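What follows is a short report on a single structure.
The figures that follow rest on heavy atoms only: side chains count, while hydrogens, waters and symmetry mates do not. Indexing begins at 1, ligand by ligand and atom by atom, following the structure's order. Every value quoted in this text rests on a predicted model; they were computed, and no experiment measured them.
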Amino acid sequence: MITFNETTKTFHLSNKEISYIMKLDDNKHLLHLYFAKKIHNADNDDQLFFGHLDNQLFNGDRLLNSYRPKEYGSYGTGDFREPAFVIRQEDGNSISDFSYISHEIYQGKKSIAPLPSIYVEDEQEAQTLEITLHDSLTNTDLILYYTIYRDYPVIARHSAFIHKGDTPIYIQRVMSMQLDLADSDYDFIHFSGAWGREKRIVSNKLRWGNQSIFSTKGVSSAEHNPTFILKRPDTTEDFGQAYGFAFIYSGNFLCEADVSTYNQCRVNVGIHPVNFSWKLCSGEEFVSPEAIVMYSDKGLTQMSHNFHNLFNQRLCRGKYRGANRPILLNNWEATEMTFDEDKIMSIAQKAKEAGAELFVLDDGWFGTRNDETQGLGDWFANTTKLPSGISGLSQKVAELGIKFGLWFEPEMVNKNSQLYREHPDYLLQVKNRHSHSFRYQYVLDFSRDDVVNYIYQQMKEIISTSKMSYIKWDMNRYLTEVYSVGLAPDEQGKVFHKYILGVYSLYHRLTQEFPDILFESCSSGGARFDPGILYYAPQTWCSDNTDANDRVEIQYANSFFYPISSHGAHVSAVPNQQTTRVTDIHTRANIAYFGAFGYELDLNELSEDEFKIVQQQIAFYKENRAVFQYGTYYRLRCPFENNSGSFMTVSPDGQKAFAMYYQRLYKPNTEFVNLKLKGLEAETKYQVTLAGIDKIYYGDYLMNAGISFNSTRLARMGGDFTALLIEITKI
Ligand code: DGJ
């Protein structure tokens, strides 16, 4: 999979789908030549070269080299594009010049834990290339890591700096991946939004200049997601070239496309440089997080399938990797923080009667947590509300025959808490400067081991003394006043990154210690739904907005990168808490089925008829959850562009498929929509069941002629905000 041609000094990483080619020039600088569909090695690989100053390249002279395609471009020697890294030195200069020393090729892939990364289970699955470069003036090594998988069109990259010089250096900027593409004829698609409207699909044609998405909030954020696509303008779901980039990291990030006026496109993916500065002393190493890039020449659906498979199989870990996810009922929207044990038991009891498998007790169970102003940080039960504690409550829930899960917000503290009174120094804060609160809460300094350890001990105590099988790890504010008393003044640029390392290390310890617990990540909904968190928590709560209409969009956008098993999706009460919209209970479930399904309401408050419907929904989901959670998923109709939206999933064995068709607003006498299904066998007959009516069609009919809808027909089935579920069974 990886070769090095000694004569042409060319590295070629390839599998049956992709080729990634780089070359050392005469100055031993590492140039990027190609990354796309698999190609043969060229005898004279110079023809691959596409730089503006190509003729001047290989003559041994060090000419100004502004537009040469680099693997990892440095600052200050004539490349004026956005650099991969910047190293400030003791004398104040930020110029460096790394050239090739050696390389190593080996089977498999090394872990960078606690930093998350994709992994191998068998060394034959992948090969890794480590290229060591050296800057003699600073006496620093730079190692570039590249892994290619046998079965995925993906390249995984990260870098490491090892400092050997006597005086410290300061890494001011470090990208995990730089990719110089030969042209810029791409649409830049990213997933941006805000709380309650996470992940709108944004698509813009690349233009000259720099375009980026980023976070400086300490978490990946609801505003932008560290995943994006560059696709050719004519690429569709089923056709054409696309690169999908994913940063496997949950903190500050920068994803940028820097397009030169020669139409070259430089992509950078890495930690955001704002307030980043990593002091590296002699003998120390800094390892960057991992970034991956997937190539598809068969459209966006193929790219998504590759991400779903890779993330499900080689990013998620532990007992729940590839396993059925439990149907849960969460009490948050039902009670918020106002409850007692009787209330909780009545909700859990009803959840059990409905057939749910897991009851989750959300915020409000600990310390003096009766409202938002208090209790965060005190991870012991509020025995006024819950006299038998979490240990007793979890036992009682277990006796009902349903599992128990619990909400935590480990990174936060209220000033009105025992933790704060005892450890006021545990906050991220700047002395004598006002600390901003949000929801009356402050952020604990997770860059400090002692703080992480304190929270770990509290969580461990409560988990190990109760019957717990699930944890919802929430995180409800962004970071401000980012300063740590645990670090010297010239190391404050480390705090953001060390904070997220602290989060990962707590996850690491808890998942090691309690391997049977399923973790679901949450950050005011989807503000930390990123590839990094999937390594520890295989599912994430998509949004606090549980309105069916809005969930169609959020789940649709999530599907570009994130496997369906990772989308926490619940049926909640109507009128919806966030939008006040009223949607039918079937509609709410038909959308939530396409995820890790559950409920977010008090089932005692449903009518008898509605409760029976819920029982049927749960029974139905149990029978079919593997199709929804692990089937091959297709986007059929974009809800952002249309008055309707649709997606479908086909079981791994091809026997069963489900399609969801959603109509937003009823409009009289509309044109027909032909919904063309995907992923079926052309020559096979299928029974199609829609609204209780069965019909038989060949796969080719369903995929080419399609099922036609118009509003009049849908009006009879529900009108506005109606989601239909179409069941397709091989016969
Ligand atoms: C925000 C989450 O997204 C909600 O689901 C809920 O857990 C609340 N926090 C609790 O404070």
Side-chain angles (χ1 to χ4, degrees), residues 193-199 217-223 225 250 328-339 343-344 347 351 358-379 382 385 390 404-414 416-417 437-444 459 468 470-478 518-530 533 537 539-547 550-551 554-555 558 566-573 576-579 588 592 595-602:
W195 174 86
R197 54 182 175 89
E198 293 90 342
K199 297 198 181 77
K217 300 181 166 95
V219 292
S220 46
S221 88
E223 283 67 27
N225 194 262
S250 309
L328 68 83
L329 185 135
N330 178 303
N331 74 308
W332 175 247
E333 289 199 17
T335 63
E336 298 212 336
M337 296 179 209
T338 311
F339 55 77
K343 179 75 177 170
I344 291 302
I347 296 175
L358 169 68
F359 168 75
V360 178
L361 178 58
D362 210 280
D363 194 355
W365 59 267
F366 49 90
T368 56
R369 184 74 166 170
N370 297 316
D371 56 45
E372 291 175 352
T373 65
Q374 53 192 321
L376 280 176
D378 296 342
W379 303 111
N382 177 332
K385 284 181 179 177
I390 291 300
F404 179 79
L406 197 61
W407 180 96
F408 289 90
E409 195 174 0
E411 299 149 73
M412 296 295 152
V413 64
N414 289 120
N416 187 359
S417 67
S437 67
F438 179 82
R439 213 191 181 205
Y440 307 96
Q441 63 194 64
Y442 299 83
V443 185
L444 289 173
M459 290 180 76
M468 208 176 293
Y470 165 102
I471 285 175
K472 178 176 173 185
W473 178 321
D474 206 347
M475 198 289 187
N476 285 306
R477 62 158 288 179
Y478 297 148
L518 169 63
F519 283 78
E520 176 152 353
S521 167
C522 175
S523 180
S524 301
R528 200 158 64 185
F529 194 159
D530 56 60
I533 220 76
Q539 55 192 63
T540 296
W541 181 227
C542 294
S543 177
D544 279 346
N545 183 349
T546 51
D547 173 61
D550 295 359
R551 277 301 183 108
I554 293 168
Q555 290 174 218
N558 269 336
S566 68
H567 306 189
H570 302 169
V571 173
S572 61
N576 182 268
Q577 202 182 58
Q578 307 302 347
T579 64
R588 279 172 271 154
F597 179 66
Y599 291 81
E600 189 97 5
L601 45 77
D602 183 352

Close-contact set for ligand 1 against [X] heavy atoms, below 4.0 Å:
X: Gly525; answer: 3 (O)
X: Arg439; answer: 10 (C), 11 (O)
X: Trp541; answer: 3 (O), 5 (O)
X: Lys472; answer: 4 (C), 5 (O), 6 (C), 7 (O)
X: Cys522; answer: 2 (C), 3 (O)
X: Asn476; answer: 1 (C), 9 (N)

If only atom types and distance count, is the side chain of Glu198 paired as donor or acceptor with the main-chain N or O of Gly526 below 3.5 Å?
-> yes
Sidechain-backbone polar pair: Asn414 side chain, Glu372 backbone, donor-acceptor under 3.5 Å | yes
Check whether any N or O atom of [X], backbone or side chain, sits under 3.5 Å from an N or O atom of ligand 1, and answer yes or no.
X: Glu600; result: no
X: Asp474; result: yes
X: Trp332; result: no

With Thr546 as partner, the option from Glu333, Glu600, Arg588 fulfilling side-chain hydrogen bond (donor to acceptor under 3.5 Å, both in side chains) is Glu333
Would you call Lys343-Asp602 a salt bridge at under 4.0 Å N-O?
-> yes
Using a heavy-atom cut-off of under 4.0 Å, does the side chain or the backbone of Ser524 touch ligand 1, or both, or neither?
-> backbone
Can you tell me how far the [atom1] atom of [X] sits from the [atom2] atom of [Y], to the nearest 0.5 Å?
X: Leu376; Y: Arg369; atom1: CG; atom2: CZ; value: 4.0 Å
X: Ser417; Y: Trp379; atom1: OG; atom2: CH2; value: 10.0 Å
X: Ile390; Y: Phe404; atom1: CD1; atom2: CZ; value: 4.5 Å
X: Arg528; Y: Cys522; atom1: CZ; atom2: SG; value: 9.5 Å

Under 30°, 30 to 60°, or over 60°: which ring-plane class applies to Phe408 and Trp365, parallel, tilted or perpendicular?
-> perpendicular
Any heavy atom of Glu372 sitting closer than 4.0 Å to ligand 1?
-> no
How far is [atom] from the closest protein heavy atom, and which atom is that?
atom: atom 4 (C) of ligand 1; answer: Asp544 OD1, 3.4 Å
atom: atom 11 (O) of ligand 1; answer: Asp363 OD2, 2.7 Å
atom: atom 7 (O) of ligand 1; answer: Asp362 OD1, 2.7 Å

